[in-house]
Amino acid sequence: MTRVVLVPGVLALLPAYASLEDPVAELRAACLSAVSWLARDVQVLGNPRVAAHLLDATHRAGDEPSYLVVGNGSATRTEKAPGHLDERSHAFDAALGAALSSSDASWPSFGLGKDLLASLDGIDRLRELLPPAYESVVDYDDDPYGVQYWVMRWSW
Amino acid sequence: MTLRLGRHTFTDDATLMMAIVNRTPDSFYDQGATWAEDKAFERVALVVEQGAEIVDIGGIKAAPGVEISEAEEKARVVDFVARVRAAYPSLVISVDTWRASVGAAVCAAGADVLNDAWGGADPELVDAAAEGGAAIICTHTGGVTPRTRPYRIEYDDVVAAAIDDTLAYAARAEAAGVPRESVVIDPAHDFGKNTFHSLELTRRLGEMVATGYPVLVSLSNKDFVGETLDLPVGSRLSGTLAATAVCALAGARIYRVHEVVETRQTVDMVWSIAGRRLPRRAIRGLQ
């Protein structure tokens with residue numbers, strides 16, 4: 001059985017950027033829990049730094065083919081977001097979230113996603129990896145800092 | 001090395017705010033605002049709420065003035081220490097005294113630290129600290145008599161003198177039985193020093209930190225700040241915080257202060273700049 005996990009490429013997850021109070025505690029917990037579900041050997045799709053840290057921080061077992069995808073939705077969801085507010089971001093993220101969740105939904109334009117500062121390289125490769133019919137388990141779905149994050153898992 | 005202040009221990013990277021609580025009618029900064037015991041107790045409650053880890057209770061102002069007998073000093077501080085001890089078990093209680101008999105009495109009442117601002121004027125104070133299980137602050141005053149102002153004192157090298165004298169004091173304290181982890185040194189800005197001396201001690205504080213003993217600095221609203229900026233008591237906060245920042249960058253561990261909140265912010269900021277403390281909560285650019 002193939003196992004796949006999606007996490008956002010949030011630099012605040014890295015030890016080099018630790019704070020006294022973790023600004024992404026809930027996200028971190030979801031990431032670590034999901035990545036722990038992967039097998040020992042994991043192929044990384046997307047930002048290697050965040051992936052390497054999460055893999056180092058987890059104990060995993062088993063030999064199933066495993067993938068860790070790093071990517072997230074738009075970074076333009078609020079006025080304080082890194083890319084300021086772009087009104088198109090909410091519809092884009094809703095469509096992307098639906099497409100990640102189920103093969104019943106269609107993918108939004110990745111070209112628009114680039115305009116909205118979405119991190120899509122890993123998700124683009126995930127799209128090619130997913131089987132014709134799939135459903136994900138959504139462990140985290142929020143935008144605490146104006147950036148759309150998901151932690152999702154797939155298996156088939 | 002762990003810092004042990006009486007009942008309390010702190011890790012190597014901890015910085016501590018020591019809030020001044022005067023049981024005096026005439027101290028230079030507050031002019032008797034906490035002379036009444038209940039007012040002093042309110043001050044303790046306030047500084048605890050503001051995050052002070054230590055209170056430094058004093059019954060005699062540092063400047064010259066009416067002589068205060070041992071009995072009077074004890075009357076001002078001993079029962080008060082007991083009251084604070086009972087109300088705040090996790091608070092470090094320091095008492096600013098040079099007298100061994102007062103030191104012994106306050107240790108029995110619950111004090112954790114004897115802050116000898118007058119540099120060992122009473123040689124038996126170290127015995128009181130050792131017997132009472134208290135830490136001791138070893139200050140440098142250049143050998144002046146307690147409650148006198150400096151008058152034409154000069155040093156070949158004020159920093160070397162401060163290091164030599166405080167380390168000699170530390171050795172006496174350890175010989176008397178005070179554990180090394182409970183010995184703190186203090187260059188004592190303005191005590192036996194003119195403004196130029198205090199500025200140089202601030203500039204070269206790293207040399208005291210390099211001794212390995214935790215360093216306490218008492219800078220708050222002092223005359224060297226006032227003379228440097230030509231400002232009266234009450235207008236010296238910015239200057240105090242500038243000196244605080246320099247001492248923090250050098251690695252001072254304990255800050256004896258009137259203004260707890262402002263000093264804590266200054267020290268935390270500098271400690272983080274120095275790479276010794278994480279930011280409280282950083283997300284900007286890292287989302």
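Just so it is clear: chains get the letters A, B, ... in the order the sequence lines come, proteins before strands, and each one is counted from 1.
Inspection of non-hydrogen atoms places B/R277, B/L278, B/P279, B/R280 of residues 270-280 of chain B under 4.5 Å from chain A.
Contacts between A/V10 and chain B at a heavy-atom distance below 4.5 Å involve backbone atoms as well as side-chain atoms.
Dense packing is recorded around NZ of A/K114, with more than 12 heavy atoms of other residues, nucleotides or ligands lying under 6.0 Å away. The local environment of CZ in B/R281 is crowded, with over 12 non-hydrogen atoms from other residues, nucleotides or ligands closer than 6.0 Å. More than 12 heavy-atom neighbours from other residues, nucleotides or ligands sit within 6.0 angstrom of CD on A/E21. Atom CD of A/E64 sits in a crowded spot, with more than 12 heavy atoms from other residues, nucleotides or ligands closer than 6.0 Å.
Between the CG atom of A/N72 and the CD atom of B/Q287 there is a distance of 10.5 Å, given to the nearest 0.5 Å. In this structure, OH on A/Y17 lies 6.5 Å from CG on B/L286, to the nearest 0.5 angstrom.
In terms of non-hydrogen atom pairs under 4.5 Å with chain B, the most contact-rich of A/A18, A/P8, A/G9, A/A75 is A/A18.
Take A/R28 and apply the salt bridge (Lys or Arg N to Asp or Glu O under 4.0 Å) test, not counting sequence neighbours, and it matches A/D22.
The two residues A/P23 and B/A282 have their closest heavy-atom pair at CG-O, 3.5 Å. Scanning both residues, A/L11 and B/G285, for their nearest heavy atoms gives CD1-O, 4.4 Å.
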